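Since this is a predicted model, take the numbers as computed values, not measurements. Side chains included, hydrogens not; waters and symmetry mates left out as well; all remaining heavy atoms used. Numbers here simply count residues along the sequence, with the first being 1.
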Amino acid sequence: MSAPTLFEPERPAATSAAGPRPYVIELPDRLSLLNSNQRMNKHERAALTRSIRAAASAAVEECPSLLDVRDAVRPNPVFPRAHILGVLHPHSTGRRDPANWYPSFKAAIDGLVDAGLFADDDHTRVLGPDMRLGARRGRDQIVLVVRALAPGEDPLGYRGVGR
């Protein structure tokens with residue numbers, strides 16, 4: 001028996017305007033990313049945050065199927081609730097802590113809000129980002145996998161834990 005994955009085919013999927021399938025949103029691989037270990041002044045950090053946010057919003061604009069859904073449900077958001085898996089594809093082999101790239105993931109998710117996928121990225125609408133390490137690529141790159149959640153759906157199984 002294989003280990004369960006987040007997107008098990010037998011798990012009932014949420015019905016939303018976006019449908020049950022996950023959407024993969026790749027940010028450009030030439031994009032400079034923020035790492036929580038970087039030391040930079042607030043102006044440099046703000047400029048990088050703006051560029052990541054804009055790149056995420058632009059990446060949505062390059063996904064025709066997602067644009068069709070967004071345009072059909074406007075002014076409502078595409079995802080009332082969703083889970084976001086954030087994948088960091090590193091530029092080289094070696095050990096990485098994907099959570100150190102949280103500032104980049106946060107800016108990218110803000111870009112998804114700007115693009116109209118979410119009304120907001122608070123805890124009532126977005127589960128995640130769950131940050132994982134992906135395969136090596138030529139440059140560091142962030143990929144977001146967004147899957148709609150049904151009302152009350154808890155894909156990670158935490159409901160009732162500790163009660």
Side-chain angles (χ1 to χ4, degrees), residues 6-7 14 16-18 22-71 73-149 153-156 158 161-162:
L6 182 61
F7 301 114
S16 76
Y23 287 87
V24 178
I25 302 166
E26 291 193 22
L27 275 64
D29 62 0
R30 64 191 177 282
L31 188 65
S32 295
L33 300 177
L34 284 168
N35 182 307
S36 60
N37 293 329
Q38 291 170 316
R39 301 296 176 243
M40 60 180 61
N41 72 46
K42 64 182 179 181
H43 302 291
E44 291 173 312
R45 184 172 205 77
L48 273 177
T49 300
R50 278 192 304 275
S51 70
I52 294 167
R53 189 171 180 158
S57 186
V60 170
E61 299 296 326
E62 295 170 9
C63 182
S65 59
L66 204 46
L67 287 178
D68 290 344
V69 174
R70 184 190 68 184
D71 293 343
V73 300
R74 275 200 169 156
N76 297 320
V78 173
F79 297 100
R81 284 189 70 235
H83 174 262
I84 300 177
L85 177 68
V87 181
L88 169 70
H89 291 281
H91 70 280
S92 63
T93 57
R95 293 172 42 165
R96 297 278 187 291
D97 180 357
N100 283 339
W101 276 263
Y102 179 78
S104 292
F105 287 112
K106 172 63 177 147
I109 292 169
D110 287 341
L112 300 184
V113 173
D114 295 343
L117 299 189
F118 301 98
D120 193 13
D121 60 344
D122 64 46
H123 74 284
T124 65
R125 295 173 179 94
V126 174
L127 179 62
D130 292 328
M131 295 164 283
R132 302 288 182 261
L133 190 62
R136 181 188 174 278
R137 294 193 178 170
R139 286 188 55 143
D140 290 342
Q141 182 181 21
I142 285 182
V143 175
L144 302 174
V145 181
V146 182
R147 185 178 71 84
L149 295 176
E153 181 181 355
D154 180 17
L156 303 178
Y158 287 117
V161 172

Taking the side chain as every heavy atom from C-beta outward, state whether Glu44 and Arg39 have any pair of such atoms under 4.5 Å apart. no
Any side-chain heavy-atom pair of Arg50 and Arg45 under 4.5 Å: no
Taking it one step at a time, do Leu144 and Tyr23 satisfy side chain to side chain contact (heavy atoms under 4.5 Å, CB included)? CA-CA 8 Å; Leu144 302 174; Tyr23 287 87; over 6 Å; no
Decide side-chain hydrogen bond (donor to acceptor under 3.5 Å, both in side chains) for His83 and Asp130; before the verdict, give the C-alpha distance in whole Å, the side-chain angles of both, and the deciding distance to 0.1 Å. CA-CA 8 Å; His83 174 262; Asp130 292 328; 2.4 Å; yes
Show your working on side chain to side chain contact (heavy atoms under 4.5 Å, CB included) between Leu117 and Leu66 and close with a plain yes or no. CA-CA 9 Å; Leu117 299 189; Leu66 204 46; 4.0 Å; yes
Is any side-chain heavy atom of Val60 closer than 4.5 Å to a side-chain heavy atom of Glu62? no
Between OG1 of Thr49 and CG of Leu34, what distance do you get to the nearest 0.5 Å? 4.5 Å
Do Val145 and Ile84 have side chains that approach each other closer than 4.5 Å (heavy atoms only, starting at C-beta)? no
To the nearest 0.5 Å, what is the distance between CD on Gln141 and OG on Ser104? 12.0 Å
Are Arg137 and Asp29 close enough that some pair of their side-chain heavy atoms sits under 4.5 Å apart? no
Can you give me the closest heavy-atom contact between Ile25 and Ala59, atom names plus distance? CG2-CB, 3.7 Å
I'd like to check Val69 versus Phe79 (side-chain heavy atoms, cut-off strictly below 4.5 Å). Are they in contact? no
How far does CG of Leu48 sit from CG of Asn35, to the nearest 0.5 angstrom? 11.0 Å
Is any side-chain heavy atom of Phe118 less than 4.5 Å from a side-chain heavy atom of Arg81? no
A side-chain contact here means heavy atoms from C-beta on lying under 4.5 Å apart; do Glu61 and Leu67 qualify? yes
